[in-house]
Q: 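Below you will find the structure I want to go over with you.
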Amino acid sequence: MSISRMEAPELLSLNRFNVDEDEPHIVLDKNNCLLCKEKPCLVVCPAVLYKLNKNGEMSFDYAGCLECGTCRVMCRNKGIVKWEYPRGTFGVSFRQG
Ligand code: SF4
C-alpha cells in the first residue's frame, strides 16, 4: 500500500520501540493528575497513551511514546514529575518518516 494512503494507526504501527524497562523516561504523580480538572494529556498525546481507568484515575504507559514532548508542555498541574528522552539505544525508531 502507498504510504500516502495509510491512516495514522497504520503509520504508527511501522515504528519500532526499544522500551527501557528499567528506566521510565516519563513518570507521573497520579495524585496530582486526580486534582487536575483539564487533563489535556488525554487529548494531546498523538499516541493516545493517557487514559482514565474506570475509577477515574490516570492510566499511562510510556512504552509507545513518540517522544514529541507535547504532554510535557501541556501538563500544568505537575502531573508529570519526570520527562526525559530515553537513554541511548532506547525509545522510538521512526520508519517511513
Ligand atoms: S511525549 Fe508525546 S507521544 Fe510521548 S506520551 Fe507525551 S504526548 Fe504522548
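Numbers for residues simply follow the sequence, beginning at 1. In listed order, ligands and their atoms are each counted from 1.
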Q: Pull out every atom of ligand 1 sitting under 4.0 Å from any heavy atom of Y50, numbered as shown with elements.
A: 5 (S)
Q: Between N32 and K78 (side chain of the first, backbone of the second, donor and acceptor by atom type, cut-off under 3.5 Å), is there such a pair?
A: yes
Q: Assess Y62 for proximity to ligand 1: is some non-hydrogen atom of it under 4.0 Å away?
A: no
Q: Is the backbone N or O of V44 less than 3.5 Å from a side-chain atom of Y50, with the two atoms forming a donor-acceptor pair by type?
A: no
Q: Between atom CE of M58 and atom CG of L34, what is the distance when rounded to the nearest 0.5 Å?
A: 8.5 Å
Q: Please work out which of C71, A63, G64 has its closest non-hydrogen atom nearest to atom 7 (S) of ligand 1.
A: C71
Q: Decide, yes or no, whether a salt bridge links R72 with E84 under the criterion of side-chain N to carboxylate O below 4.0 Å.
A: no
Q: Please list the nearest protein heavy atom to atom 2 (Fe) of ligand 1 with its residue and the distance rounded to 0.1 Å.
A: C68 SG, 2.2 Å
Q: Considering only heavy atoms of G69, which atoms of ligand 1 have at least one such atom less than 4.0 Å away?
A: 1 (S), 2 (Fe)
Q: Side-chain contact, heavy-atom cut-off 4.5 Å: K39 with C33?
A: no
Q: What residue and atom, counting heavy atoms only, is the protein's closest point to atom 3 (S) of ligand 1, and at what distance?
A: L66 N, 3.3 Å
Q: May I ask you to check whether C65 brings an N, O or S atom to under 2.8 Å from atom 4 (Fe) of ligand 1?
A: yes
Q: Can you figure out which of C41, C45, G91 has its heavy atom closest to atom 8 (Fe) of ligand 1?
A: C45
Q: Which ligand 1 atoms are under 4.0 Å away from a heavy-atom of F60?
A: 5 (S)
Q: Could you check if a side-chain atom of I26 sits within less than 4.5 angstrom of a side-chain atom of F60, using non-hydrogen atoms only?
A: yes
Q: Treating E23 as the side-chain partner and R87 as the backbone partner, does any N or O pair qualify as donor plus acceptor under 3.5 Å?
A: no
